Student: 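Have a look at this one before I ask anything.
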Amino acid sequence: MKHLSEILGAIEHTVVSQRTSDPEISALAFDSRAVKTGSLFFALPGTHTTGNVFIPQAIKNGASAVVFQGAIDDSLVAENAGVAFVRVPDARFSMAPISAAFFGNPSKKLCIVGVTGTEGKSSTVSFVWQLLRLMGHKAGFISTVQYSNGGEAVANSEHQTTPEAPIIQSRLSEMVENGCEYAVIESSSHGLSPKTNRTGCIDYDCAIFMNVTMEHLEFHKTFEQYRFDKANLFRKLDECNHEKIINGRPVTVPSFGIVNLEDESAEYFIHATKKSVIGFTTEGKAGKQAAESMNANPLPPIPDGIPVLVGRNIASARFGLTFDMSEPNLVDADSKPVRKVIHVKAPVPGAFNAYNLMAAIAAVSRLTGTDIELVAEKTAELVSVTGRMSVVDKGQPFELIIDYAHTPSSFETIFPPIRRRCAGRMIALFGSGGERDVKKRPIQGEIAAKFCDVVILTDEDPRGEDSVELLKQIAVGAERGGKKLGENLFITPDRPSAIRQAFSMAHNDDIVLLLGKGHENSIIYKDRVMPYDERAEAEKALAELGF
């Protein structure tokens, strides 16, 4: 618990409309239903209404203080003399500094790793966390799929990749209390944007950039803004204090960035910080370039002056991945360049995981001061992330894979290597999120049509949109890619029915891909949220077939 005056010292431009006392604050809440006695309530602006309308309910539930923006009725203040009303320019932005102050600035007591990218964030976060633990360090993490406050990973019930600031700061605080040295945070473009400021007041020490492609334009409006917001992670490296107190001891934490050099925006992220940067590349052998071969665009040139990890001889099979990784910029006794080759083996399928593994290995090696070869040895003990290239094998004659892929770029990444090893037909089932970027929908359809023999379009999260009309927008692209509705292209909105349709078509040597839901635990409709588990539904459908 802290007094309100202690917390407000963390933010500027506040106006206390009324404060008859300096109340002790026992909790933070941004949902009036979660308010309890002694809470500070943030009245956040919403899409369709203002959070100020929920202030009376928050007070009724026991709020001792209210942070708001804009105007509120004078009578509300007059009728609640014991409540402190604090007006700020932006209630949502203020949550980060207030939350950090309330929880004792926990990021100053942990080595913080941030991972950003359109794809690969959750897996990379998990691999960094697992490798830290395998190297004997206590660590926590926050990601789309799971989180840990220092113990074993538990499912993340939130739909937000990067939670709101009070949740992040609370979890970081628990990590400190549990004796963690490290925290790994999946840092989305939404979370890094000043519009939400979810990652405000976090002292990042290591920033990892995986990629940036067209996504979330409904929020960022332009690709340029989307990329700029992601790069805030690297800018934070220059703003943060890397002299920390970890488990009661002063520690100078290494500060650096890690960048996927195959992405066209690699140099943009390198130049977003003054700190040192490590690069990694598969030389186009694990991503879109590998699929397009001779027709691929040239890879961006590797910038001078940075150490580079190179992954080669990538072999991806149903249950795992192997590749060779050359250690960067070694020289022998005569100052001649030496390339030390490290063999990496991990029980995680998908050639694209070479990117995630190289980034994780580089981060853990540099942060812990451990030889990179020793860290790489531990990849054999890694566990795949739920809903990320998850294989379901109940003895059925076809291969079944569940993955979260839901963007054009993720389709271009996962389809090619599966296509190359598929002896039968590929059957892909997916949809697209409602009230999100509509431009990607026909592109999704066209890419799926290019690589897959059968495309089944089904609900992902229609939200307020008409489900069938949404799926028809994807079908336009699939038809452009050569598929014909009713023959090898189907619109089946009900996802459980679509899964059974896919299984009924699958035969020996076929591969069925269930895409877009992965780890998620619901399907969101306009008028309801339907509990849903992709793996459980798939296993139920297989059981109905006798498997």
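Here the structure is a predicted model, which is why all the values come from computation and not from measurement. If you read the sequence from its start, that first residue is 1, and numbering goes on from there.
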Student: When you compare the side chains of Ser126 and Gln130, does any donor N or O come within less than 3.5 Å of an acceptor on the partner?
Tutor: yes
Student: Decide whether a cation-pi geometry holds between Arg312 and Phe323; the criteria are a distance under 6.0 Å from NZ or CZ to the six-membered ring centre and an angle within 45° of the ring axis.
Tutor: no
Student: With distance as the sole test, does Thr379 use its side chain to make a donor-acceptor pair with the main-chain N or O of Lys345 at under 3.5 Å?
Tutor: yes
Student: Going by the salt bridge (Lys or Arg N to Asp or Glu O under 4.0 Å) test, name the single residue among Lys483, Arg441, Arg480 that passes it with Glu446.
Tutor: Arg480
Student: Within the side chain of Thr124, is there an N or O that forms a donor-acceptor pair under 3.5 Å with the backbone of Gly120?
Tutor: yes
Student: For Val212, does its backbone N or O pair with a side-chain atom of Asp263 as donor and acceptor, under 3.5 Å?
Tutor: yes
Student: Should Arg463 and Asp527 count as an ion pair when the cut-off is N to O under 4.0 Å?
Tutor: no
Student: Rounded at 0.5 Å granularity, tell me how far CG in Asp533 sits from NE2 in His519.
Tutor: 11.0 Å
Student: Taking Thr281 for the side chain and Glu283 for the main chain, is one N or O donor matched with an acceptor at less than 3.5 Å?
Tutor: yes
Student: Could Arg425 and Asp510 be called an ion pair, given the rule that one side-chain N must be under 4.0 Å from one carboxylate O?
Tutor: yes
Student: For the pair Asn356 and Asn353, evaluate side-chain hydrogen bond (donor to acceptor under 3.5 Å, both in side chains) and give the outcome as yes or no after the intermediate values.
Tutor: CA-CA 5 Å; Asn356 306 331; Asn353 267 316; 2.8 Å; yes
Student: Is the shortest side-chain heavy-atom distance between Lys378 and Arg133 below 4.5 Å?
Tutor: no
Student: So, taking the atom named CZ in Phe490 and the one named CG in Leu457, what distance separates them when rounded to the nearest 0.5 Å?
Tutor: 10.5 Å
Student: Should Lys517 and Asp461 count as an ion pair when the cut-off is N to O under 4.0 Å?
Tutor: yes
Student: Is Asn197 reaching over with its side chain to a backbone N or O of Ser193, donor-acceptor style, under 3.5 angstrom?
Tutor: no
Student: Salt bridge check, Glu465 against Arg436: does any charged N sit closer than 4.0 Å to a carboxylate O?
Tutor: no
Student: If we ignore angles and hydrogens, is there a donor and acceptor under 3.5 Å between the side chains of Asp324 and Asn313?
Tutor: yes
Student: Does Glu544 come within less than 4.0 Å of Arg500, counting only side-chain N to carboxylate O?
Tutor: yes
Student: CG/Leu192 to OH/Tyr226 distance, rounded to the nearest 0.5 angstrom?
Tutor: 10.5 Å
Student: Locate the shortest heavy-atom distance separating Met358 from Gly311; write the atom from each residue and the value.
Tutor: SD-N, 3.6 Å
Student: Of all the heavy-atom pairs spanning Pro163 and Arg171, show the shortest one and how long it is.
Tutor: CG-NH1, 3.9 Å
Student: Return the minimal non-hydrogen interatomic distance between Val385 and Ser123, and the atom names on each side.
Tutor: CG2-CA, 3.8 Å
Student: Check Leu429, Ile427, Leu545 against Phe503 for a side-chain contact (heavy atoms from CB on, under 4.5 Å) and give me the one that passes.
Tutor: Leu545
Student: Does one side chain, of Lys230 or Thr116, offer a donor that lies under 3.5 Å from an acceptor on the other?
Tutor: yes
Student: Is a side-chain donor or acceptor of Lys121 paired with a backbone partner of Ser143 at a separation under 3.5 angstrom?
Tutor: no
Student: Check whether Asp403 reaches the backbone of Leu515 with its side chain - one donor and one acceptor, N or O, closer than 3.5 Å.
Tutor: no
Student: Using a strict threshold of under 4.0 Å (side-chain N to carboxylate O), is an ion pair present between Glu537 and Arg495?
Tutor: no
Student: Decide side-chain contact (heavy atoms from CB on, under 4.5 Å) for Lys138 and Tyr182; before the verdict, give the C-alpha distance in whole Å, the side-chain angles of both, and the deciding distance to 0.1 Å.
Tutor: CA-CA 7 Å; Lys138 193 160 188 180; Tyr182 298 89; over 6 Å; no
Student: To the nearest 0.5 Å, what is the distance between CE (Met210) and OG (Ser122)?
Tutor: 11.0 Å
Student: Look up atom CD in Glu534 and atom CD1 in Ile402, then write down how far apart they are to the nearest 0.5 Å.
Tutor: 5.5 Å
Student: Salt-bridge test for Arg92 and Glu164: reply yes if a basic N is under 4.0 Å from a carboxylate O, no otherwise.
Tutor: yes
Student: Between Ile258 and Phe280, is the side-chain contact (heavy atoms from CB on, under 4.5 Å) condition met? List the steps.
Tutor: CA-CA 8 Å; Ile258 299 175; Phe280 64 92; 3.7 Å; yes
Student: Does the pair Leu542 and Leu400 meet the rule for a side-chain contact (heavy atoms from CB on, under 4.5 Å), with working shown?
Tutor: CA-CA 10 Å; Leu542 288 172; Leu400 175 58; 3.9 Å; yes
Student: Determine whether Ser497 and Gln501 satisfy the following criterion, side-chain hydrogen bond (donor to acceptor under 3.5 Å, both in side chains), listing intermediate values before the conclusion.
Tutor: CA-CA 6 Å; Ser497 298; Gln501 181 181 14; over 6 Å; no
Student: Salt bridge or not between Glu469 and Lys472? Use side-chain N to carboxylate O under 4.0 Å.
Tutor: yes
Student: Looking at Glu435 and Lys526, is there a salt bridge between them, counting it only when a charged N and a carboxylate O are closer than 4.0 Å?
Tutor: no
Student: Under 6.0 Å between ring centres, would you say that holds for Phe430 and Phe411?
Tutor: yes
Student: Look at the rings of Trp129 and Phe141 and say which category their plane angle falls in: under 30° parallel, 30 to 60° tilted, over 60° perpendicular.
Tutor: tilted
Student: Determine whether the side chains of Thr282 and Glu262 contain a donor N or O and an acceptor N or O closer than 3.5 Å.
Tutor: yes
Student: Taking CZ in Phe415 as the centre, count heavy atoms belonging to other residues, nucleotides or ligands within less than 6.0 Å. Is the count above 12?
Tutor: yes
Student: Side chains of Ser187 and Tyr204 only: does a donor on one sit below 3.5 Å from an acceptor on the other?
Tutor: yes
Student: For a side-chain hydrogen bond (donor to acceptor under 3.5 Å, both in side chains) check, start with the C-alpha distance between Asp229 and Ser189, then their side-chain angles and the critical distance, and finish with the verdict.
Tutor: CA-CA 6 Å; Asp229 286 339; Ser189 58; over 6 Å; no
Student: Restricting to non-hydrogen atoms, name the atom on Thr196 and the atom on His190 that form the minimum distance, rounded to 0.1 Å.
Tutor: OG1-O, 2.5 Å
Student: What is the distance from atom CD1 of Ile361 to atom CG of Leu309, rounded to the nearest 0.5 Å?
Tutor: 8.0 Å
Student: Measure from the side-chain N and O atoms of Gln396 to the backbone N and O of Val392, and report whether any donor-acceptor pair falls under 3.5 Å.
Tutor: yes
Student: Would a 4.5 Å heavy-atom cut-off, applied to side chains only, mark Pro462 and Ile523 as touching?
Tutor: yes
Student: Decide yes or no for Tyr532 and Asn521: does some side-chain heavy atom of the first lie under 4.5 Å from some side-chain heavy atom of the second?
Tutor: no
Student: Are the side chains of Met175 and Ile142 in touch, meaning some heavy atoms are under 4.5 Å apart?
Tutor: yes
Student: Just checking Phe42 against Phe30, ring centres under 6.0 Å apart?
Tutor: no
Student: Quick one: closest heavy-atom pair of Ala376 and Met325, and the distance?
Tutor: CB-CE, 4.5 Å
Student: His343 side chain to Val341 main-chain N or O, any donor-acceptor pair under 3.5 Å?
Tutor: no
Student: So does Gly424 get a backbone contact from the side chain of Asp509, meaning a donor-acceptor N/O pair under 3.5 Å?
Tutor: no
Student: What is the minimum heavy-atom distance between Leu471 and Gly431, and which atoms define it?
Tutor: CD2-CA, 4.2 Å
Student: Heavy atoms, side chains only, cut-off 4.5 Å: are Val512 and Glu399 in contact?
Tutor: no
Student: For a side-chain hydrogen bond (donor to acceptor under 3.5 Å, both in side chains) check, start with the C-alpha distance between Tyr404 and Thr144, then their side-chain angles and the critical distance, and finish with the verdict.
Tutor: CA-CA 11 Å; Tyr404 188 54; Thr144 307; 5.9 Å; no
